There are 2 protein chains.
Amino acid sequence: MSDIRVLVVEDEPIAAAAHAAYIDRLDGFTLAGSAPDGQSALRLLTEFAAAGRPVELVLLDMNLPDLHGLDIARRMRAAGLFADSIALTAVRELNIVRSAVATGVVQYLIKPFTYATFADKLASYRQFRQQLASPGTGVPGAGASQSDVDQAFASLRAPSELPLPKGLAVSTLDSVQDFMKLQTGAVSASEVMGALGMSRVTARRYLEYLADAGTVSRTARYGAPGRPENEYRWNRPPS
Amino acid sequence: MSDIRVLVVEDEPIAAAAHAAYIDRLDGFTLAGSAPDGQSALRLLTEFAAAGRPVELVLLDMNLPDLHGLDIARRMRAAGLFADSIALTAVRELNIVRSAVATGVVQYLIKPFTYATFADKLASYRQFRQQLASPGTGVPGAGASQSDVDQAFASLRAPSELPLPKGLAVSTLDSVQDFMKLQTGAVSASEVMGALGMSRVTARRYLEYLADAGTVSRTARYGAPGRPENEYRWNRPPS
DNA sequence: CCCTTCCATGACCAATATGAACGCAACAGT
DNA sequence: ACTGTTGCGTTCATATTGGTCATGGAAGGG
């Protein structure tokens, strides 16, 4: 099977380049193009389709200068473009998730995400495609059975089981991330300890992991007696 | 949460009546209307939306006298109608499945299907909605985390019906479910072990299955030395 | 009556938050 | 400038649970 042709729609040049580089590193995917706003995205999609080499998957940022990501998805459908989309967004509102699903978004990635998360979601999608390409145990020539379809859907929405470094637990990491997202300013490890009811060592270990992953930034806090305290700040994605 | 308003689109009168009867029998769903072809389906959807009581879910037959189901879905998007759809079809072609997913079909039912299959798919969808309505384990007010979204997508996945995973028995699962429903707060695997007189391994296995299925939520309990203990909480449907 | 299949169990190893102890860097006096 | 104080960073052993594997017993089919 040939590679899945992907279009990156992202207004931040740095993020767009990063996503494009990610795509290149993944087996089974080919970068078809890149668009900084909704209008050019739709134009590119139409051109590729007209050229007989349609884009099959769109990495769709929700916050764009001219159109909302949902609008782009809607116009794609209206124009008869049947590309799947994966939403990349900082918007955490769940009602948007639902609308996105209704317009054919197959995956939903909340920024900032690690490369591992990104690769995992794309791998799920590729597996979904493979399931549809070669139905498994059914009678030959009978088409797809209900269980074939179920299995394909299952691989599409399978929860990610990403390997985390030794000593870290997924649920704890979620707690820390949720707390950090709430904070507008910077917080210290001790404050996380107090707020989440965990020990200082644990809080600091997870904050340190998030800092290494680039999810939070780390600075030193001076002015008080004692060793300078590290403070951590959630990296709010642009716009 | 009020019931989910459902529109049945089906040209066969007998099948349409059967589906409508199914909907009535299910908790959490209300029949909003029924349409025998694509044009009237779109008209009904528009009317309901204009009346401020939009249809939230469409049971969409693919083979209709005037329009194909995919066309209906496409026109719905073009008209700005954000109802989810479940495809009901005898068409077994997998490429149609993919196009259906791209246009926002959340489930795909191949005719003929049993009432159990039908109920299972709708229950999955209801759970998906519920997950989005009340993000579970995070800090209150934190919005959705990636894992919240993942879990919601996972509920949309198929497999609660046929393949109860190897090693699980229905009777034991019922016992655990009954016990969990009675608990107001969170319980640990050890507490379930003591209360039901089963081994810790067994209790944990069933709780874990319920957590994966989204029926119970799982959080970690901090504060004491030792590995953190998982506690499980029954997800009460917000009636 | 025997054989197969399936599930609960107990025992083992692995995993992970905690508390204490130690070290380090900046502030504040002398 | 030097030294003491202070508070956090860092490391390590410990406690306690999670996860897995092979075993035993019960239920069902031949």
Side-chain angles (χ1 to χ4, degrees), chain A residues 159-180 183 185-213 216-233, chain B residues 137-139 147 159 162-180 186-213 216-233:
Chain A
S160 56
E161 204 81 26
L162 288 178
L164 225 49
K166 281 277 201 202
L168 276 70
V170 183
S171 58
T172 309
L173 183 61
D174 282 343
S175 299
V176 176
Q177 277 183 322
D178 283 346
F179 177 75
M180 289 304 291
Q183 307 306 314
V187 290
S188 70
S190 302
E191 287 165 335
V192 175
M193 165 187 76
L196 294 183
M198 52 177 49
S199 82
R200 190 171 52 99
V201 181
T202 303
R204 207 194 57 80
R205 180 148 35 115
Y206 282 90
L207 288 172
E208 209 59 32
Y209 168 74
L210 289 175
D212 286 344
V216 302
S217 57
R218 172 183 41 201
T219 51
R221 178 191 290 173
Y222 302 96
R227 180 170 177 163
E229 190 175 12
N230 279 349
E231 56 181 19
Y232 303 86
R233 184 189 313 268
Chain B
T137 64
V139 178
S147 60
L162 245 166
L164 195 62
K166 202 95 168 174
L168 275 73
V170 183
S171 59
T172 313
L173 183 61
D174 286 341
S175 302
V176 176
Q177 276 182 322
D178 287 344
F179 176 74
M180 289 302 292
V187 291
S188 71
S190 304
E191 287 164 335
V192 174
M193 167 187 74
L196 294 182
M198 52 176 50
S199 81
R200 189 181 57 89
V201 181
T202 304
R204 204 194 55 80
R205 190 170 25 173
Y206 283 90
L207 288 172
E208 207 61 28
Y209 169 74
L210 289 174
D212 282 344
V216 303
S217 57
R218 173 183 42 201
T219 52
R221 179 187 292 172
Y222 304 103
R227 179 169 175 160
E229 188 174 13
N230 280 351
E231 50 182 24
Y232 302 86
R233 185 189 315 266

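Throughout, a chain's letter reflects where its sequence line sits, starting with A, and its residues are numbered from 1. These numbers were taken from a predicted model, which means no experiment stands behind them.
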Which nucleotide in [options] has an atom nearest any side-chain atom of [X]:
{"X": "A/Arg200", "options": "C/dT16, D/dC8, C/dT18", "answer": "D/dC8"}
{"X": "B/Tyr206", "options": "C/dT18, C/dA8, C/dA11", "answer": "C/dA8"}
{"X": "B/Arg227", "options": "C/dA11, D/dT17, C/dC27", "answer": "D/dT17"}

Starting from [atom2] on [N], measure out to [atom1] on [X] and report it in whole angstrom.
{"X": "B/Glu231", "N": "D/dT16", "atom1": "CD", "atom2": "P", "value": "18 Å"}
{"X": "B/Arg221", "N": "D/dG18", "atom1": "CZ", "atom2": "C1'", "value": "14 Å"}
{"X": "A/Met193", "N": "C/dT18", "atom1": "CE", "atom2": "P", "value": "10 Å"}
{"X": "A/Leu173", "N": "C/dA15", "atom1": "CG", "atom2": "C1'", "value": "16 Å"}
{"X": "A/Met198", "N": "C/dG19", "atom1": "CE", "atom2": "P", "value": "12 Å"}
{"X": "A/Arg204", "N": "C/dT16", "atom1": "CZ", "atom2": "C1'", "value": "16 Å"}
{"X": "A/Tyr222", "N": "C/dC27", "atom1": "OH", "atom2": "P", "value": "8 Å"}
{"X": "A/Asn230", "N": "C/dC24", "atom1": "CG", "atom2": "P", "value": "16 Å"}

Practice task
Between B/Pro228 and A/Pro228, name the one whose nearest nucleotide on DNA chain D is closer to the 5' end.
Solution key: A/Pro228
Students often get this wrong, so: under 4.0 angstrom with heavy atoms, is [X] touching a base, only sugar-phosphate, or nothing?
{"X": "B/Ser190", "result": "nothing"}
{"X": "B/Thr172", "result": "sugar-phosphate"}
{"X": "A/Ala224", "result": "sugar-phosphate"}

Handout entry: A/Arg205 side-chain N/O to A/Gly167 backbone N/O, donor-acceptor pair under 3.5 Å
Key = yes
Problem - Backbone of B/Thr219 reached by a side-chain donor or acceptor of B/Tyr232 within 3.5 Å - result: no
Exercise for the section: Determine: side-chain N/O of A/Ser199 to OP1/OP2 of C/dT18, distance under 4.0 Å, yes or no. Expected result: yes
Practice task
Report yes if a side-chain nitrogen or oxygen of A/Lys166 is closer than 4.0 Å to either non-bridging phosphate oxygen (OP1 or OP2) of C/dT16; otherwise report no.
Solution key: no
Practice task
Report the residue (B/Gly197 or B/Pro225) whose heavy-atom-nearest nucleotide on DNA chain C is the more 5′ of the two.
Solution key: B/Gly197
Exercise for the section: By nearest nucleotide on DNA chain C, pick out whichever of B/Thr202 and B/Gly223 is the more 5' one. Expected result: B/Thr202
Handout entry: Polar contact flag, side-chain donor to acceptor under 3.5 angstrom, B/Ser188-B/Glu231
Key = no
Exercise for the section: Answer yes or no: is there a side-chain heavy-atom contact under 4.5 Å between B/Tyr222 and A/Ser175? Expected result: yes
Problem - Exercise: identify the closest heavy-atom pair between B/Met198 and B/Val192 - result: CG-O, 4.4 Å
